[in-house]
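Written out below as structure tokens is the structure these notes cover.
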Amino acid sequence: DVQLQASGGGSVQAGGSLRLSCAASGFTFDDYAIGWFRQAPGKEREGVSCISDSVMSTRYADSVKGRFTISSDNAKNTVYLQMNGLKPEDTAVYFCAASINTIAIRAAACHGPLYNYWGQGTLVTVSS
């Protein structure tokens, strides 16, 4: 079974940092695109950052460019999201997801409907 386990959320003050981890199992890590998505209360889910190791491609939402960094450790089947310079508007539940969709893989596309498998969320709260 494909499983994704997100962790690393917590509460920080504005300007702080967190690192989220997404541990994957049940599939060949390199063959998938992996993405981080978030959903704030009352808002739609949005793609934050996605990575496709097979094409060495990453993608970031404009709102997090320069502050967040996505990376992968294939030996550990884990994708990380380093979040620096956190802002109150980053407060949300963060989800990791995996996609076998060709478009997602070729372009590290961060479009939720392209993603087949989802982990449970981890809550990030940023206070001002």
Side-chain angles (χ1 to χ4, degrees):
D1 289 347
V2 172
Q3 292 189 353
L4 298 162
Q5 181 76 34
S7 62
S11 297
V12 296
Q13 292 190 328
S17 298
L18 285 172
R19 188 177 79 158
L20 304 183
S21 299
C22 177
S25 63
F27 63 98
T28 304
F29 198 65
D30 294 0
D31 292 341
Y32 284 67
I34 308 293
W36 284 100
F37 298 80
R38 67 186 180 187
Q39 188 164 21
K43 294 188 177 181
E44 293 187 354
R45 183 183 63 197
E46 64 170 337
V48 176
S49 182
C50 296
I51 186 168
S52 178
D53 278 348
S54 62
V55 296
M56 300 178 67
S57 180
T58 58
R59 191 177 293 269
Y60 296 91
D62 288 344
S63 59
V64 306
K65 282 181 181 177
R67 299 187 298 123
F68 291 10
T69 302
I70 192 169
S71 62
S72 65
D73 184 335
N74 289 354
K76 296 182 178 180
N77 263 22
T78 300
V79 169
Y80 302 98
L81 185 67
Q82 178 66 43
M83 305 187 295
N84 298 328
L86 283 161
K87 303 176 181 180
E89 51 264 43
D90 294 318
T91 295
V93 177
Y94 285 69
F95 301 88
C96 64
S99 175
I100 196 62
N101 182 280
T102 300
I103 296 174
I105 292 171
R106 288 182 177 177
C110 243
H111 184 51
L114 295 178
Y115 284 72
N116 311 92
Y117 304 99
W118 293 79
Q120 91 297 348
T122 185
L123 177 62
V124 172
T125 304
V126 185
S127 58
S128 56

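- Under the 4.5 Å side-chain heavy-atom criterion for Ile, Leu, Val, Met, Phe, Trp and Tyr, I70 and V93 are members of distinct hydrophobic clusters.
- Panel note: side chain N74, backbone N77; no donor-acceptor pair is recorded below 3.5 Å.
- Interatomic distance, L81 CG to S71 OG, rounded to the nearest 0.5 Å: 8.5 Å.
- From Q5, atom CD reaches atom OG1 of T78 across 10.5 Å, with rounding to the nearest 0.5 Å.
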Using side-chain contact (heavy atoms from CB on, under 4.5 Å), reason through V124 and M83 one step at a time and then give a plain yes or no. CA-CA 10 Å; V124 172; M83 305 187 295; 3.8 Å; yes

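- Distance check, rounded to the nearest 0.5 Å: OG1 of T58 to CD1 of I34 gives 14.0 Å.
- A donor-acceptor contact under 3.5 angstrom links the side chains of D53 and S72, judged on distance only.
- Note: the hydrophobic cluster containing V79 also contains I100 (ILVMFWY, side chain heavy atoms under 4.5 Å, direct or indirect links).
- Q120 CD: more than 12 foreign heavy atoms inside a 6.0 Å radius.
- Note that the CD atom of Q3 and the OG atom of S25 stand 4.5 Å from one another [nearest 0.5 Å].
- Across L4 and A24, no two heavy atoms sit closer than the pair CD2-CB, 3.6 Å.
- Atom CZ of R45 sits in a crowded spot, with more than 12 heavy atoms from other residues, nucleotides or ligands closer than 6.0 Å.
- Nearest heavy atoms, L86 versus R67: CA-NH1, 3.8 Å.
- The nearest pair of heavy atoms linking S99 to Y115 is CB-CD2, 3.5 Å.
- From R106, atom CZ reaches atom OG of S57 across 12.5 Å, with rounding to the nearest 0.5 Å.
- Considering only heavy atoms from C-beta on, F68 stays 4.5 Å or farther from S49 through its side chain.
- When every heavy atom of S17 is checked against every heavy atom of N84, the shortest pair comes out as OG-OD1, 2.9 Å.
- The heavy-atom pair separating L20 from G9 by the smallest distance is CD2-N, 3.6 Å.
- Linking Ile, Leu, Val, Met, Phe, Trp and Tyr residues whenever their side-chain heavy atoms come within less than 4.5 Å places Y60 and V48 in a single cluster.
- Side-chain heavy atoms closer than 4.5 Å link hydrophobic residues (I, L, V, M, F, W, Y) into clusters, and following such links, even through other members, never connects F95 to W36.
- There is a side-chain donor-acceptor pair under 3.5 Å between Y94 and R38.
- In this structure, CD in Q82 is found 9.5 Å from OG in S21, a value given to the nearest 0.5 Å.
- Few gaps surround CG on L123; more than 12 heavy atoms of other groups in view lie less than 6.0 Å from it.
- I105 has its side chain within reach of S54: a pair of non-hydrogen atoms, C-beta onward, lies under 4.5 Å apart.
- Heavy atoms only, all atoms of each residue included: A104 and S52 are closest at O-CB, 4.3 Å.
- Less than 6.0 angstrom separates the ring centroid of F37 from the ring centroid of W118.
- D62 has a carboxylate O that lies under 4.0 Å from a charged side-chain N of K65, or vice versa, which qualifies the two as a salt bridge.
- Y117 and Y80 end up in different hydrophobic clusters when Ile, Leu, Val, Met, Phe, Trp and Tyr side chains are linked at under 4.5 Å.
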